[in-house]
Amino acid sequence: KIVALRLTNTNTYMKKTSFAFMILFFITSYARVSAQAFEDWSWDTYGLNFSVPSNMKVTVNSADEFGAKLDNDLLHLAIFPWEDDQLTKETLNAEVKKLVKSLGYRGAALVELELNGFEGGYIIAEKDGVTTIVVGLLDPESATNFYALIIYGPGYEDAALTIANSFEK
């Protein structure tokens with residue numbers, strides 16, 4: 001009886017310890033993704049400023065496109081200029097919806113943006129298991145506007161939304 005009692009107590013202790021370590025592992029894993037450090041970047045060609053995770057790397061920087069990605073390929077950013085002096089917030093948002101549809105994505109409702117000198121909106125869309133935030137940015141004081149695609153994998157939605165809401169002139 002004494003031997004059986006000791007084994008039962010040891011098994012209970014091991015289960016509790018294993019459970020505690022498992023919880024600790026998940027908490028630290030989540031903290032690494034959610035507490036990611038961001039830094040401010042600028043697309044100097046257009047004076048467009050935005051925030052990205054500090055471990056992103058620039059892949060393209062020309063007058064036609066700005067691109068960056070993480071080494072693990074779970075977060076990509078592509079920004080394109082859009083010259084149109086007749087664009088309004090309403091027509092921009094309609095164009096974002098058309099772009100989502102033309103790319104074959106399924107998207108939710110458009111989220112309107114008014115941030116740091118820009119107007120516009122974004123749609124979180126999905127196609128073939130890939131999630132993308134399609135952003136339209138209208139500069140009411142200029143004919144130069146922008147659209148951005150933020151493509152992300154599991155665990156990177158918060159980072160993608162931070163980028164989408166960080167654009168400023």
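Values below: every heavy atom of this structure, side chains too, minus hydrogens, waters and symmetry copies.
Evaluation of the side chain to side chain donor-acceptor pair (under 3.5 Å) rule for Glu90 yields no partner, not counting sequence neighbours. Shown here are the salt bridge (Lys or Arg N to Asp or Glu O under 4.0 Å) partners of Glu119, two or more places apart in sequence or in another chain: there are none. Glu114 pairs by the salt bridge (Lys or Arg N to Asp or Glu O under 4.0 Å) definition with Lys89, not counting sequence neighbours. In this view, Glu168 satisfies the salt bridge (Lys or Arg N to Asp or Glu O under 4.0 Å) rule with no residue, not counting sequence neighbours. In this structure Glu141 satisfies the salt bridge (Lys or Arg N to Asp or Glu O under 4.0 Å) test together with Lys169, sequence neighbours excluded. Every residue two or more places apart in sequence or in another chain was checked for a side chain to side chain donor-acceptor pair (under 3.5 Å) with Ser166, and none qualifies. In this structure Asn165 satisfies the side chain to side chain donor-acceptor pair (under 3.5 Å) test with no other residue, sequence neighbours excluded.
Linking Ile, Leu, Val, Met, Phe, Trp and Tyr residues whenever their side-chain heavy atoms come within less than 4.5 Å leaves Val60 and Tyr152 in two separate clusters.
Remark: the backbone N or O of Ser62 is paired with a side-chain donor or acceptor of Trp43 at under 3.5 angstrom.
Through chains of ILVMFWY side-chain contacts below 4.5 Å, Leu87 is grouped with Phe80, Trp82, Leu92, Val96, Leu99, Val100, Leu103, Tyr105, Leu110, Ile123, Val134, Leu138, Tyr147, Leu149. With a 4.5 Å cut-off between side-chain heavy atoms of Ile, Leu, Val, Met, Phe, Trp and Tyr, the cluster of Ile151 takes in Val130.
Identified under the salt bridge (charged side-chain N to carboxylate O under 4.0 Å, His left out) test for residues 120-133, with sequence neighbours left out: none. Applying the salt bridge (charged side-chain N to carboxylate O under 4.0 Å, His left out) test to residues at least two apart or on different chains, the pairs with a partner in residues 42-64 are Lys57-Asp71.
Defined by atom type and a distance below 3.5 Å, a donor-acceptor pair is missing between the side-chain atoms of Tyr122 and Asn93.
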Side-chain polar contacts of residues 45-52 - donor-acceptor pairs under 3.5 angstrom, sequence neighbours left out - could you list them?
| residue | atom | partner | partner atom | Å |
| --- | --- | --- | --- | --- |
| Tyr46 | OH | Ala63 | O | 2.6 |
| Asn49 | OD1 | Ser42 | OG | 2.9 |
| Ser51 | OG | Asp40 | OD1 | 2.7 |

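Side-chain contact between Leu77 and Met56 is present, with heavy atoms from C-beta onward closer than 4.5 Å.
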